[in-house]
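Notes to accompany the following structure.
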Amino acid sequence: MKKSVFLGALTVAGLTAGVASAATLDDVQSRGTLNCGVTTGLVGFAAPNANGEWEGFDVALCRAVAAAVLGDPQAVEFVPTTGKTRFTALASGEVDMLARNTTWTFSRDTDLKFEFTGINYYDGQGFMVPRELGVSSARELDGATVCIQTGTTTELNLADFFRSNNISYEPVPIETNAEAQQQYLAGACDVYTTDASGLAATRATFEAPGDHVVLPEIISKEPLGPLVRHGDHEWGDIVRWTLNALIAAEELGVTSANVEELASNGTNNPEINRLLGTEGELGAMIGLEPDWARNAILAGGNYGEIFEGNIGEATPIGLARGLNAQWTNGGLLYSPPFR
């Protein structure tokens with residue numbers, strides 16, 4: 001699910017130059033909706049439900065930003081993008097931000113002229129195979145056919161892994177997760193490789209998930225996060241600090257259930273008060289109302305609520321917090337101070 005590293009670098013950079021100075025906040029507020037780029041469909045992260053409404057872990061971040069900026073978590077236009085189209089959609093201004101399991105890399109941050117505003121999921125690339133294949137390690141995949149999204153970091157990691165282990169493979173190129181699932185289940189490839197979170201989400205949709213095994217190897221670091229265009233620093237700050245607000249809220253014990261009470265009655269914790277806009281002028285510093293973070297938390301809960309409700313161990317996706325636990329619980333999740 002990670003994506004095109006070099007795709008159209010010159011074209012994208014050129015497009016970015018034309019819109020980088022645009023005041024995205026003004027555009028979003030005058031339009032009355034946030035245009036948020038998401039994946040074409042990955043259950044648990046971003047996919048339409050039976051009623052056609054987008055939901056998932058990444059979708060929740062889009063809604064939190066809309067709530068912070070517009071006061072309405074429903075004021076979002078979701079724009080499905082593939083690994084190949086997402087960067088052009090952002091650079092051209094078709095979307096205001098991307099929230100679609102995109103890996104933060106050097107070249108994307110610098111050469112493609114984008115700005116990652118944080119990490120909302122720490123991931124790594126894995127492999128899924130049919131249980132009947134009898135494979136217990138990725139190092140046993142010599143000669144395997146592998147479904148792989150082309151032009152992605154997944155593709156580059158795969159080549160590096162097989163080369164370093166002196167084994168060979170035959171790539172089966174695919175465009176979307178839905179196509180990969182179809183090809184894999186049809187037997188067109190022995191292996192499907194993508195982010196481990198994506199494998200869990202895909203396997204959860206199978207009629208017989210237990211017939212498929214995610215192998216133990218994690219072969220890469222995939223820090224996934226939202227990104228915006230270079231040049232509009234005010235907008236970058238808004239997306240960055242909205243994500244930080246959700247992370248900080250979990251650490252501070254602020255939830256969708258108690259946020260209004262805490263804001264109304266005040267607390268003895270100055271950081272909570274600053275976060276909720278009852279002390280200080282943090283909202284004004286980024287051009288928003290004092291209750292911007294309160295609205296973001298109300299939209300879908302704090303980071304922990306969003307995680308557990310969409311992809312956690314009690315959901316069909318079944319992901320443990322792992323590296324995505326708060327730093328106080330042995331994970332990597334950490335927000336700079338609200339002060």
key: Side-chain H-bond candidate by donor/acceptor type, Glu305 with Thr255, under 3.5 Å   = no
key: Carboxylate-amine/guanidinium proximity below 4.0 Å for Glu175 and Lys84   = yes
request  = For the residue pair Asn302 and Glu251, confirm or rule out a side-chain donor-acceptor distance under 3.5 Å.
outcome  = no
task = Assess the side chains of Gln149 and Glu155: does a donor N or O sit below 3.5 Å from an acceptor N or O?
result = no
key: N/O donor-acceptor pair under 3.5 Å between Asp190 side chain and Ala144 backbone   = no
ask   = Going by atom types only, do Gln125 and Thr193 share a side-chain donor-acceptor pair under 3.5 Å?
value = yes
Spacing of Ser220 atom OG and Asp160 atom CG [to the nearest 0.5 Å] = 10.0 Å
ask   = Is the shortest side-chain N to carboxylate O distance from Asp96 to Arg31 below 4.0 Å?
value = yes
query = Between His230 and Phe114, is the ring centre distance below 6.0 Å?
reply = no
Check: Thr88/Thr85 side-chain N/O donor and acceptor closer than 3.5 Å = no
task = State, without any angle test, whether Tyr192 and His212 hold a side-chain donor-acceptor pair at a distance under 3.5 Å.
result = no
request  = Would you kindly say whether Asn177 and Thr202 are connected by a side-chain donor-acceptor distance under 3.5 Å?
outcome  = yes
ask   = How about Glu77 and Thr33: does a side-chain donor come under 3.5 Å of a side-chain acceptor?
value = no
query = Any cation-pi pair here, Arg321 with Phe307, using under 6.0 Å and within 45°?
reply = yes
query = Considering the options Val228, Ile238, Thr242, Asn244, which one meets the side-chain contact (heavy atoms from CB on, under 4.5 Å) requirement together with Thr117?
reply = Val228
key: Check: Phe161 ring centre within less than 6.0 Å of Phe127 ring centre   = yes
inquiry  = Determine whether the aromatic ring centres of residues Tyr303 and Tyr121 are separated by less than 6.0 angstrom.
reply    = no
ask   = Do Pro80 and Trp54 touch side chain to side chain, with heavy atoms closer than 4.5 Å?
value = yes
query = Hey, are Asp237 and Arg240 close enough for a salt bridge, meaning a charged N less than 4.0 Å from a carboxylate O?
reply = yes
